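Please read the structure below before turning to the comments.
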Amino acid sequence: MQVKAKQTVGGGKAAATTPGMSMYQVSLSYGASSPERRLILENITLDVREGEFLCIVGPSGSGKTTLLRMLSGLVKPTTGEVRFRGQVVSGPSRERAIIFQDYSKALLPWRTVAGNIALSLEAEGMRPADQQPIVAALLSKMGIVRAANQFPGQLSGGMQQRVQIARCLAQRPKILLMDEPFGALDAMTRQALQDEILILSGEQRMTVVFITHDLEEAIYLGDRVVVLGDTPARIIETIDVDLPRPRDQLTTREDPRFLAHRHRLFGLLRRH
Amino acid sequence: MKRILIGSILPALFIASWEISSRTGLLTLESLSRPSDILRAGIAGLADGSILVATGQTFETALFGLAVAAVAGIIAGAVLGLSPVLERVVDPTIEALRPIPAVAFIPLALMMFGFGISMEATIVAYACVWPILIVTISAVKAIEPRLLEVADTLEMNFVERLRKIILPAAFVRINVGLRVATGIALVVAVTVEIVLNPRGLGYSLMLAQQSLRVDIMYAQLLWLCVIGYVLNALLRNIGPASIVLSRAGR
Ligand SMILES: Nc1ncnc2c1ncn2[C@@H]1O[C@H](COP(=O)(O)OP(=O)(O)OP(=O)(O)O)[C@@H](O)[C@H]1O
Ligand SMILES: [Mg+2]
């Protein structure tokens, strides 16, 4: 896969002054009553800059999914506040698309691929005639034209994830929240999708929050990498990834800076 | 085909021995008629339209009551299935009302509506709503929560959510409830007609009995049997058919 030049994503991010999204002193506990009550995330303060590709890494079970769900509005923080473009987030919104980790559960099994993508447009109240060209464009953008009339159950994991991404893009979000989207895919598919998502976010100046437990993936994709510690998780480090864009699966990963970041992150997570 | 043949051996033997024993005088009970007489009465009833008219009346009422129960049961079931709090509030009431036999409401319904379709359909709806409601609640509870979250992030309103996510996702199981309820609807409708409503198949059965036309009575019983069988076969095919329908154009 060829990665086209993209000027929009890269070092110029610092120019954006008002943060796209922010968390301010957010903590979250699960469980209603005290014996089973568990503090998962503690005092998280985080800015997601407009147009930025922000990766979040952390040990398994540290609360990455929970953090992402708070950004989407599906989960409310126990204390603190989440803001989107200055407004306090009170619930889910079309403007913040979330790509679920378990893609097979997030697709409507009774709808075709095209139908799944169209769902986002139907929810917006768009006329079927207007939906068609948009669905067609997304199908071709995600490389799933030939699967248009198949049902999700008939597709491979990689294809299903492409469908979920296409549906999220159809909702024309301002921010894309991705929860280990490529974690369950084989290495080849994963690399192909990594590059595609880089192109997409670059083309549309999309803000992306990307969760992964794969440190190399985080460095390869991100403008910044936020590291969560063990439970109760706090932010233990934020790394600026100073690697040039467009990135390349071979050369970027061989870049000494890439390796240095990798070393550092690895050390951080091992200590925790 | 082979299975049908094998399956009809027993009924055929039974009918043949019945006919033979009543012709040879082995069976002389007044409550029994000969299969050949029953067949003749059945054909006559079908030919003069009386059976079909009665069937139409029974079906009209049963389906009317069933439709009311389906709409009410599915919507209420979806709401309760989505809201655990509400379900906990309503559940004791459901469990208190559900065991009351529907026919126990005949006197009340008679006072409210008089004789006719409304009274009968009300009883049918009461009997049918419970299986539909209960199956719908459990079906909606079993929906993959991810799908509801998709609806949340797309900011769907309740009607859209019901139409595009909840009903299709819960359809297979709700369909089971509908099938059970359809059987109940027919049983209850005929029962109400036998007990007091002067219309439909139940009433014709009573008329035949009261005028000592045992052959007609048996013919109608047989007819009910055929209707039940056909209905069940139809309902079994509705499942896949409606899934195809709900997929169409997507
Ligand atoms: N709805 C919930 N109720 C109670 N506890 C929960 C709930 N969701 C998650 N947890 C707990 O919160 C902790 C963090 O879960 P979360 O899914 O956010 O972690 P994660 O970092 O995404 O894990 P993974 O790397 O395995 O995806 C876990 O211990 C989990 O068991
Ligand atoms: Mg997770």
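This structure is a prediction, so every number in the text was calculated from the model and none was measured.
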Under-4.0 Å salt bridge between B:D91 and B:R88 | no
Among B:N157, B:D152, B:T153, single out the residue with the greatest number of heavy-atom pairs under 4.5 Å to chain A.
-> B:T153
Interchain contact, A:L119 with chain B, by part (heavy-atom threshold 4.5 Å) | both
Answer yes or no: is there a side-chain heavy-atom contact under 4.5 Å between A:D179 and A:I98?
-> no
Non-hydrogen atoms of chain B under 4.5 Å away: do they reach the side chain of A:A118, the backbone, both or neither?
-> neither
Which region of A:L74, side chain (C-beta onward) or backbone (N, CA, C, O), has a non-hydrogen atom less than 4.5 Å from a non-hydrogen atom of chain B, or is it both or neither?
-> side chain
Examine whether an atom of B:A151 lies under 4.5 Å from a heavy atom of chain A, and if so say whether it belongs to the side chain, the backbone or both; otherwise answer neither.
-> neither
Kindly check if the number of other-residue, nucleotide or ligand heavy atoms within 6.0 Å of CD (A:E36) is above 12?
-> yes
A:Y103 ring center within less than 6.0 Å of A:F182 ring center = no
Under 3.5 Å side-chain donor-acceptor pair for A:Q171 and A:E124 | no
Side chain, backbone, both or neither: which part of A:S93 has a heavy atom under 4.5 Å from chain B?
-> both
